[in-house]
Structures are given as C-alpha cells and as structure tokens.
Amino acid sequence: MSATAPSVLKHRPEPLRPFRVGAGGFVLLGTGHLALAAAAAWGEPTPEQEASSAAMRAASMTLLGLERSTLDLVNGMSSVMALFVISCALLALFAARHSPTLVERRTAFVWTLFATSLAGLAIAALLLPPPPIAVLTVTTCAFALSLRRAAP
C-alpha cells in the first residue's frame, strides 16, 4: 500500500454527486412533462380523447369571479406544477453549488427534497405511467444516498 492509503480510507464518499442526480431528475421530470403535454396538445386526438376533452370543456368552475373549464384547470395546473418542479430543482442545484455545506451536512434542505421525491414516487406509483415512476425512483434513491453520505 502507498503512503496515501490511510487518507483514502478515511475519506467519506462525496454527497454532492447523488444530490445533483436527484435535482437533475426533477428537471427531467418537469421538462419531460411539459414536452409530452405540448406533443399531446399539437397531436391529433383519438375519439376517446376528444370525448373526454369535450366533457371537461362542458364542466366549469367559478372561483373569485373567474370561470374556467375543467380542461383549462387541469391543463393549467399541470403546466404550472411542471414549471415549479423545474424551478425548484434549478434553485436546489444553484444553492448546492454556492453553499455545498447544505448538502455535505444532513440538513433540512436535502431532507425536504428527499421527502418530496418519496411522496411524489408514492403518488406516481398509484396514478401515473412508468416514466415518472422510474424518474422518481432514481431521484428518491439519489437524495437518500446523498443523505447517507453527508456528515451528521
């Protein structure tokens, strides 16, 4: 063994790399969602999709004087939530870059992202198709690994 072997053995695995994977997965999740929503909006709907959209257009809701169809509410909320996922992930990456101790120590910063990812995975497993389930599985594992590698 070389003279540097003991220092290598004492070195903790780096928690920033898996953290970046998790946050990058959130960016992928949001951009993928927006891309699929745009493709669906520009594509030719099946008769079943058209019937569903027509029923959602026919049903409306008024809140604070604004009337919106159910279709508008679903599409609007879906797009806004995807943008928020992307924004939060980019902010997390920015914060970790400028203040790596947020990730290098087990702080509420990473715990919050881990809990959000885990909750999203549970919801995705119940309600969504395989792609978001796969992405959220990766993000949850990445944030968990980052927490495991972080100093207490």
Side-chain angles (χ1 to χ4, degrees), residues 1-43 45 49 52-53 56 59 61-66 68-152:
M1 286 195 152
S2 71
T4 59
S7 66
V8 171
L9 294 176
K10 292 179 184 177
H11 178 70
R12 294 182 65 88
E14 203 264 324
L16 282 168
R17 183 172 291 147
F19 177 85
R20 288 185 195 112
V21 169
F26 278 5
V27 172
L28 175 65
L29 185 70
T31 55
H33 178 78
L34 289 176
L36 288 174
W42 290 324
Q49 289 170 328
S52 174
S53 293
M56 291 175 75
M61 171 188 276
T62 303
L63 184 63
L64 300 173
L66 293 173
R68 298 287 186 256
S69 72
T70 303
L71 183 63
D72 290 339
L73 289 171
V74 168
N75 288 338
M77 288 299 294
S78 176
S79 298
V80 167
M81 291 299 110
L83 289 171
F84 270 97
V85 168
I86 294 166
S87 296
C88 289
L90 292 174
L91 285 170
L93 288 167
F94 180 78
R97 180 179 182 149
H98 291 282
S99 184
T101 55
L102 288 171
V103 177
E104 293 167 346
R105 299 212 166 270
R106 289 187 193 128
T107 64
F109 180 70
V110 183
W111 278 107
T112 301
L113 291 167
F114 170 70
T116 301
S117 186
L118 188 60
L121 176 58
I123 293 167
L126 292 172
L127 303 172
L128 299 176
I133 297 170
V135 171
L136 287 165
T137 298
V138 170
T139 61
T140 302
C141 291
F143 289 131
L145 182 58
S146 180
L147 284 166
R148 186 170 194 288
R149 289 181 174 181

For Ala150 and Pro15 the tightest heavy-atom approach is N-CB, 4.0 Å

So which atom in Thr139 and which in Gly25 form the shortest heavy-atom distance, rounded to 0.1 Å?
CG2-CA, 3.6 Å

Can you find a pair of side-chain heavy atoms, one from Ile86 and one from Leu34, that are under 4.5 Å apart?
yes

Leu16 versus Arg20: any side-chain heavy-atom pair under 4.5 Å?
yes

Side-chain (Arg105) to main-chain (Ala151) donor-acceptor, under 3.5 angstrom
no

Minimal heavy-atom distance between Ala89 and Ala23, with the atoms involved, is CB-O, 3.4 Å

With rounding to the nearest 0.5 angstrom, report the SG to CG distance, Cys141 to Leu136.
11.0 Å

Result of checking Phe109, Trp111, Phe26 against Phe143 for ring pair (Phe, Tyr, Trp, His ring centres under 6.0 Å):
Phe26

Between Arg106 and Arg148, the two heavy atoms sitting closest are NH2-O, 3.3 Å

Pick from Val110, Thr107, Val103: which one makes a side-chain contact (heavy atoms from CB on, under 4.5 Å) with Leu147?
Val110

Any donor-acceptor pair under 3.5 Å from Ser99 side chain to Ala95 backbone
no

Roughly how far, to the nearest 0.5 Å, is OG1 of Thr140 from CG of Leu145?
12.5 Å

How about Met81: does its CE atom have over 12 heavy atoms from other parts shown lying under 6.0 Å from it?
yes

If you look at every heavy atom in Arg149 and Pro18, which pair is closest and at what distance?
NH1-CD, 3.8 Å

Measure from the side-chain N and O atoms of Thr116 to the backbone N and O of Thr112, and report whether any donor-acceptor pair falls under 3.5 Å.
yes

When rounded to the nearest 0.5 angstrom, what is the spacing between CG in Leu83 and OG in Ser78?
9.5 Å

Distance, nearest 0.5 Å, that separates CE of Met56 from CG of Asp72
9.0 Å

What class does the angle between the rings of Phe94 and His98 fall in, given that below 30° is parallel, 30 to 60° is tilted and above 60° is perpendicular?
tilted

Atom CZ of Phe19 and atom CD of Glu14: how far apart are they, to the nearest 0.5 Å?
11.5 Å

Does a side-chain heavy-atom distance below 4.5 Å link Val27 with Leu90?
yes

Using modelled atom types only, decide if a donor and an acceptor are shared between the side chain of Ser146 and the backbone of Ala142 within a distance under 3.5 Å.
no

